[in-house]
Each structure stands twice: as structure tokens, then as C-alpha cells.
Amino acid sequence: MSDSTPAAPVVLDVWCDLECPDCHRALDDVRALRARYGDRVEIRLRHFPLEKHKYAYAAAQAAEEAAVQGQDWPYVEALLARTEDLGKGGEPVLLDVARELGLDAEEFDTALVDGRHLLIVDADQAEGKAIGVTGTPTYVVGDERLDGGKSQEGLRERIEEIVDRLLAAQD
């Protein structure tokens, strides 16, 4: 019998704008990383709404409401699949996605009006700026920041190298 506790998972922060087409394309990498590492890597969505995307800030708040309702990643993935719709249709798309997932769309609407998730979004954005995030997606794993907004090429492999190194160091 071992008295050791299991190693903490490696944390991968994904700085994301939910209206960003590059973040939509990055979902395949996020899914692949989740499949490869399971619970050995904690993938955390961090909000970084860009000014050029009119509905990204509201989308980040909606994602926080989805988390409260227990559907954070399913909502994020469904919304990222509709970045073009969001850009054209605005906030009603946020409610449509909530309804499609069986979430309480009225509560989403109320959350967007009362701003209950503003502090979380603002804190993420401020932290992102403080560590040098300028675009999305940006990944932070260990003490390394990788900018996926310029190119997704080879990025998953680079993240895997870092994660593998961090996991090996725990053994």
C-alpha cells in the first residue's frame, strides 16, 4: 500500500475568444489532447474576448452560465461550431445553443442582463494581458506560452512534448 497521493494533473490553459474561427479550428487539437491524456491533463478554458468580435464578451459570459448549469465544454464546443452564426446573429445565438443543449435559456438571458459572470471574464482577460496573450487561441502549459492565433501548424505536437516532459518529471 502506498501513502503517496496521485500526481496533480498538468494544467493546460486555453485562452479563447468564442467568436474566433481559429479557436473553432483549435477544437480538434483540444479533443485530441483530452483523448490522449484523460485526467492527467486539466484543460481549462480561459476567456480572452477580442474587441474585433462584437459578441465574444457576451459569449464568454454565456459560457460561464453554461458552466454553472453543468455543461461548460459541451456549450463551448457547440458555440465554437457556430462562430459564423454568432457573428451574424448575435446574442440570440447564445440562447439558441443553450436551448439545443437543454439548458435554461431564460437563466442565460438573465445572466447576460445582470452581468453575474462579468468578473470572471474580466479577470481572465486581465490575467491573459498580464502574461502576454494578444490573440486567440493561446495555450499556456507549464511556464510556456504558445500562440495558436498565428498558425495551428505543429502546435498540438509542441503541446504534447511539453506535457510529456511535465508528466515525466512527476514520476
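Only heavy atoms go into these numbers, but all of them, side chains included; no hydrogens, no water, no symmetry mates.
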Between Glu107 and Val68, is a side-chain contact (heavy atoms from CB on, under 4.5 Å) present by the stated rule, with each step listed? CA-CA 10 Å; Glu107 197 61 31; Val68 168; over 6 Å; no

Rounding to 0.5 Å, atoms CG (Leu79) and SG (Cys16) come to a distance of 9.0 Å

Using 4.0 Å as the upper bound for N to carboxylate O, is an ion pair formed by Arg165 and Glu161? no

Report the C-alpha distance between Tyr57 and Val121 in whole Å, list the side-chain angles of each, state the deciding distance to 0.1 Å, and finish with yes or no for side-chain contact (heavy atoms from CB on, under 4.5 Å). CA-CA 8 Å; Tyr57 196 82; Val121 176; 3.6 Å; yes

Looking only at the side chains, is there a donor atom on one of Tyr55 and Asp17 sitting less than 3.5 Å from an acceptor on the other? no

State plainly whether one hydrophobic cluster holds both Val76 and Phe48, where clusters connect Ile, Leu, Val, Met, Phe, Trp and Tyr through side-chain heavy atoms under 4.5 angstrom apart. no

Enter the distance from Leu18:CG to His47:NE2 here, rounded to the nearest 0.5 Å. 6.5 Å

To the nearest 0.5 Å, atom NZ of Lys54 lies from atom CG of Leu86 at 11.0 Å

Taking a hydrophobic cluster as the set of Ile, Leu, Val, Met, Phe, Trp and Tyr residues connected by side-chain heavy atoms closer than 4.5 Å, whether directly or through intermediates, do Leu45 and Val133 fall within one such cluster? no

Of all the heavy-atom pairs spanning Ala58 and Glu91, show the shortest one and how long it is. CB-OE2, 3.6 Å

Residue Glu106 excluded, over 12 heavy atoms near CD under 6.0 Å: no

Can Val30 and Trp73 be said to form a side-chain contact (heavy atoms from CB on, under 4.5 Å), step by step? CA-CA 11 Å; Val30 170; Trp73 277 104; 4.2 Å; yes

Looking only at heavy atoms, which two atoms of Thr136 and Cys20 are closest? And how far apart? OG1-SG, 3.4 Å

Same apolar cluster (I L V M F W Y, side chains within < 4.5 Å links), Ile43/Ile162: yes

Side-chain donor-acceptor pair present, Glu65, Gln69, cut-off under 3.5 Å: yes

Ionic contact status for Glu127 with Arg44, cut-off 4.0 Å: no

Correct closest heavy-atom pair for His53 and Pro21 would be NE2-CD, 4.3 Å

Measure across Gly135 and Leu50 and return the closest heavy-atom pair with its distance rounded to 0.1 Å. CA-CD2, 4.4 Å

Around atom CD of Glu157, are there more than 12 heavy atoms from other residues, nucleotides or ligands closer than 6.0 Å? yes

Exactly one of Glu100, Glu19, His24 should register a side chain to side chain donor-acceptor pair (under 3.5 Å) with Arg82. Which one does? Glu100

Between Arg145 and Ile131 (side chain of the first, backbone of the second, donor and acceptor by atom type, cut-off under 3.5 Å), is there such a pair? yes

Residue pair Leu33 / Val41, side-chain heavy-atom distance below 4.5 Å: no

Tyr75 and Ala62: which non-hydrogen atoms are nearest, and at how many Å? OH-CB, 3.4 Å

Take Arg158 and Val141, measure what side-chain contact (heavy atoms from CB on, under 4.5 Å) needs, and give me the verdict at the end. CA-CA 10 Å; Arg158 182 71 186 114; Val141 59; over 6 Å; no

Asp29 pairs by side-chain contact (heavy atoms from CB on, under 4.5 Å) with which of Arg156, Arg34, Glu160? Arg156

Side chains of Arg36 and Asp164: does their closest heavy-atom pair fall under 4.5 Å? yes

When you group the ILVMFWY residues by side-chain heavy-atom contacts below 4.5 Å and let the links chain together, are Leu155 and Leu80 in the same group? yes

Do any N or O atoms from the side chain of Gln61 and from the backbone of Gly115 form a donor-acceptor pair under 3.5 angstrom? no

Atom CG in Leu146, atom CG in Leu12: separation rounded to 0.5 Å? 9.0 Å

Common cluster, Val14/Val140, ILVMFWY with side-chain heavy-atom separation under 4.5 Å: no

Could you state the interatomic distance from CD (Glu77) to CG (Leu101), rounded to the nearest 0.5 Å? 10.5 Å

To the closest 0.5 Å, what do you measure between CG (Asp114) and CG (Asp109)? 10.0 Å

Of the non-hydrogen atoms in Asp124 and Trp15, which two are nearest, and what is the gap between them? O-CZ3, 2.9 Å

